[in-house]
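All values below were derived from every heavy atom in this structure, side-chain atoms included, with hydrogens, water molecules and symmetry-related copies excluded. Residue numbers start from 1 in every chain, and the chains themselves are labelled A, B, ... in the order their sequence lines are given, proteins ahead of strands. Being a predicted model, the structure only gives us computed values, none of them experimental.
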2 protein chains.
Amino acid sequence: MPNKKNEDLPGKTVERLSQYRRLLFNSLQEGKTNIYSHELARLMNLTPVQVRRDLMLIGYSGSQSKGYIIKDLVNLIGKIIDSDTGQRIAIVGMGNLGRAITSYFLGKREKLSIVAAFDNDPQKTDRIIAGVPCHHINKLKEIVPAESISIAVLTVAPEATYEVAKQLLEAGIKGILNYTSVPLTVPEGVHLEEYDIITSLEKLAFHVK
Amino acid sequence: MPNKKNEDLPGKTVERLSQYRRLLFNSLQEGKTNIYSHELARLMNLTPVQVRRDLMLIGYSGSQSKGYIIKDLVNLIGKIIDSDTGQRIAIVGMGNLGRAITSYFLGKREKLSIVAAFDNDPQKTDRIIAGVPCHHINKLKEIVPAESISIAVLTVAPEATYEVAKQLLEAGIKGILNYTSVPLTVPEGVHLEEYDIITSLEKLAFHVK
DNA sequence: TTATTATTGTGAAAAAAATTACAACTTACA
DNA sequence: TGTAAGTTGTAATTTTTTTCACAATAATAA
Ligand SMILES: NC(=O)c1ccc[n+]([C@@H]2O[C@H](COP(=O)([O-])OP(=O)(O)OC[C@H]3O[C@@H](n4cnc5c(N)ncnc54)[C@H](O)[C@@H]3O)[C@@H](O)[C@H]2O)c1
Ligand SMILES: NC(=O)c1ccc[n+]([C@@H]2O[C@H](COP(=O)([O-])OP(=O)(O)OC[C@H]3O[C@@H](n4cnc5c(N)ncnc54)[C@H](O)[C@@H]3O)[C@@H](O)[C@H]2O)c1
């Protein structure tokens with residue numbers, strides 16, 4: 001098997017693969033079938049060499065005349081970053097942000113699906129919101145394993161973060177994407193990703209200054 | 001003047017400074033006055049050396065006995081990443097995401113303020129939403145210079161992205177934080193930051209797999 | 001046929017970022 | 001007093017990421 005080990009792909013490359021695929025989808029829909037490294041680079045705001053290097057790392061080869069075949073490349077990226085069986089996601093905290101994320105994400109990825117939401121507000125529970133069934137938070141430990149949910153997006157009120165994260169870990173969650181701006185630590189084997197718009201804005205403001 | 005040149009701070013350090021400050025605020029509110037590098041490191045999920053290294057780069061010194069004085073450190077970080085005069089921000093596209101961001105951000109930072117929003121839906125314009133006046137998009141070119149807005153957060157519908165970005169650039173914007181997942185390119189001198197939750201989720205999914 | 005141009009793939013170098021190793025200091029207390 | 005424990009600051013090293021430089025190949029046109 002001539003495939004590269006995917007585990008040792010540089011972290012940055014993994015991030016970019018996701019973005020390549022998004023842009024390649026667009027190009028496909030515009031009717032393009034092939035793309036050159038410099039075209040993809042321009043869309044991504046990076047250099048053609050970096051594109052070629054990333055594709056080299058995943059073992060994909062293009063041709064000097066036609067560049068890369070978009071469909072093949074999309075498929076290969078899928079093989080690498082998607083799991084075969086697909087992964088199931090829960091939104092925890094169905095407020096403004098939770099709803100915005102859910103309706104944005106809906107149906108965008110074949111192998112990733114938001115299958116449940118949780119909240120503690122009775123107004124929001126036991127009904128379908130933004131296309132996803134919203135359960136009471138006290139059913140979390142039951143539903144997460146039952147629905148084979150491996151990833152949680154955390155968008156609860158800040159003061160609930162710690163308690164809810166604890167429950168998620170006890171329920172056997174494998175990855176948490178934390179938007180609450182309350183710092184978390186997770187045990188070995190669980191993956192954590194955090195994002196705060198204020199960090200992005202302050203970084204931007206620093207450079208604009 | 002013994003101050004370090006701020007321009008040559010590593011990009012990653014700038015990002016972390018913003019996060020340090022957020023966590024230090026929390027600690028202050030809990031009544032702490034001093035903090036050790038290993039405590040801050042734990043909150044940030046990184047190593048104590050890296051914390052010390054970052055603080056070294058901004059020229060801050062602690063003491064072996066008490067660690068760092070939180071108040072002083074917060075002030076120094078402010079001196080470095082905030083602009084003296086403050087910077088003014090517009091939200092462009094007051095939908096789910098625009099509102100979520102606006103209400104989250106409100107009043108969180110002294111030197112960064114969201115002073116205007118824009119939309120093209122008459123239901124949303126000429127009134128105050130989430131504490132911010134929302135104008136019709138066709139007033140953008142007039143209001144951006146009049147209000148000295150230097151940074152825009154782009155949360156319009158995807159199909160409007162390109163046109164709206166063009167108007168922002170013509171209005172003299174200096175930084176764009178783009179959430180639309182439609183790729184943008186900006187001229188020299190304008191700063192661009194992009195974020196897509198799907199990239200975060202796919203990265204997480206890859207590691208969880 | 002033979003230059004010319006445009007492209008990919010990749011080794012090697014450079015740059016950026018993180019980690020290691022440890023000197024220097026401070027406090028506590030035996 | 002002396003020593004053990006705990007801390008900061010930083011030089012040196014290692015690791016990761018990006019960029020440079022160029023060989024190899026294909027298409028095109030003189
Ligand atoms: N990282 C970012 O860039 C960013 C941006 C906006 C908001 N936020 C944060 O995201 C979170 C959500 O923001 P929002 O604007 O949607 O707020 P929101 O108040 O609209 O939503 C919070 C939701 O959490 C629910 N909740 C509260 N306690 C709960 C509990 N114990 N168990 C289950 N659900 C519970 C509430 O019922 C509500 O539906 C907040 O913590 C906010 O600070 C982060
Ligand atoms: N990056 C991410 O993680 C992420 C997450 C969620 C949504 N999104 C994207 O962010 C954007 C907003 O998402 P949303 O859920 O708030 O959608 P939404 O439909 O609720 O909001 C879009 C807003 O843009 C306004 N708009 C449309 N055309 C406009 C124009 N020409 N000028 C001014 N305003 C205009 C609409 O009136 C609406 O208020 C979308 O592009 C969506 O794809 C990105």
Side-chain angles (χ1 to χ4, degrees), chain A residues 2-20 24 27 32-73 76-77 80 192 199 203 206-207, chain B residues 2-20 24 27 32-70 72-73 76-77 80 199 203 206-207:
Chain A
N3 274 358
K4 282 274 168 73
K5 264 276 135 51
N6 292 333
E7 272 81 53
D8 47 24
L9 279 180
K12 296 285 174 166
T13 296
V14 174
E15 259 172 66
R16 282 191 298 262
L17 287 175
S18 166
Q19 298 173 275
Y20 290 142
L24 291 170
S27 299
K32 282 187 70 112
T33 58
N34 296 76
I35 196 166
Y36 293 117
S37 62
H38 70 261
E39 297 176 293
L40 193 44
R42 171 157 250 277
L43 291 171
M44 292 274 297
N45 291 311
L46 35 85
T47 66
V49 203
Q50 189 151 54
V51 171
R52 295 203 298 274
R53 161 86 39 177
D54 283 335
L55 301 192
M56 184 189 97
L57 290 171
I58 64 173
Y60 184 71
S61 283
S63 84
Q64 285 88 346
S65 39
K66 301 296 178 87
Y68 305 99
I69 299 165
I70 300 179
K71 208 157 76 57
D72 291 355
L73 186 46
L76 179 59
I77 292 176
I80 291 165
L192 176 66
T199 301
K203 190 179 165 199
F206 176 81
H207 290 298
Chain B
N3 274 358
K4 282 274 169 76
K5 264 274 135 53
N6 292 334
E7 273 80 52
D8 49 23
L9 280 179
K12 294 283 174 167
T13 297
V14 174
E15 258 172 68
R16 283 191 297 263
L17 286 175
S18 167
Q19 298 174 274
Y20 290 143
L24 291 170
S27 299
K32 283 188 69 114
T33 57
N34 296 76
I35 196 167
Y36 293 117
S37 62
H38 71 261
E39 296 176 294
L40 194 45
R42 171 158 250 278
L43 292 171
M44 292 275 295
N45 291 310
L46 37 86
T47 66
V49 206
Q50 189 152 56
V51 171
R52 296 205 296 275
R53 155 70 54 132
D54 284 334
L55 302 192
M56 185 190 95
L57 289 173
I58 64 173
Y60 184 72
S61 282
S63 84
Q64 284 89 349
S65 40
K66 301 296 178 85
Y68 306 99
I69 299 165
I70 300 179
D72 292 355
L73 186 47
L76 179 59
I77 292 176
I80 290 165
T199 301
K203 189 178 165 198
F206 176 80
H207 291 297

Between Leu40(A), Ile77(A), Thr13(A), Leu9(A), which is the residue that forms a side chain to side chain contact (heavy atoms under 4.5 Å, CB included) with Asp54(A)? Thr13(A)

Between dT19(D) atom P and Asp54(A) atom CG, what is the distance in whole Å? 11 Å

Distance, rounded to the nearest Å, where Met56(B) contributes CE and dC22(C) contributes C1': 15 Å

Provide, to the nearest angstrom, the distance between the NZ atom belonging to Lys66(B) and the P atom belonging to dG6(D). 18 Å

Side-chain atoms of Ser65(B) come closest, of dA18(C), dT26(C), dT10(C), to dT26(C)

Report the nucleotide, chosen from dA17(C), dG9(D), dT19(C), that has the shortest atom-to-atom distance to any side-chain atom of Thr47(B). dT19(C)

If you check every side-chain atom of Gln64(A), which of dT17(D), dT10(C), dT8(C) has the closest atom? dT8(C)

To the nearest Å, how far apart are Glu15(B) CD and dA16(C) C1'? 14 Å

Here the distance between atom C1' of dG9(C) and atom NE2 of His38(A), to the nearest Å, is 17 Å

Selection from dG9(C), dT26(C), dC20(D) that lies nearest to any side-chain heavy atom of Val49(A): dC20(D)

Could you tell me how far apart Gln50(B) (CD) and dT20(C) (C1') are, to the nearest whole angstrom? 13 Å

Given the structure, check if the side chain of Arg53(A) and the base of dT19(D) hold any donor-acceptor pair shorter than 3.5 Å. yes

Under 4.5 Å between any side-chain heavy atoms of Gln50(B) and Arg16(B), yes or no? yes

What is the distance, to the nearest angstrom, from the NZ atom on Lys12(B) to the P atom on dT16(D)? 14 Å

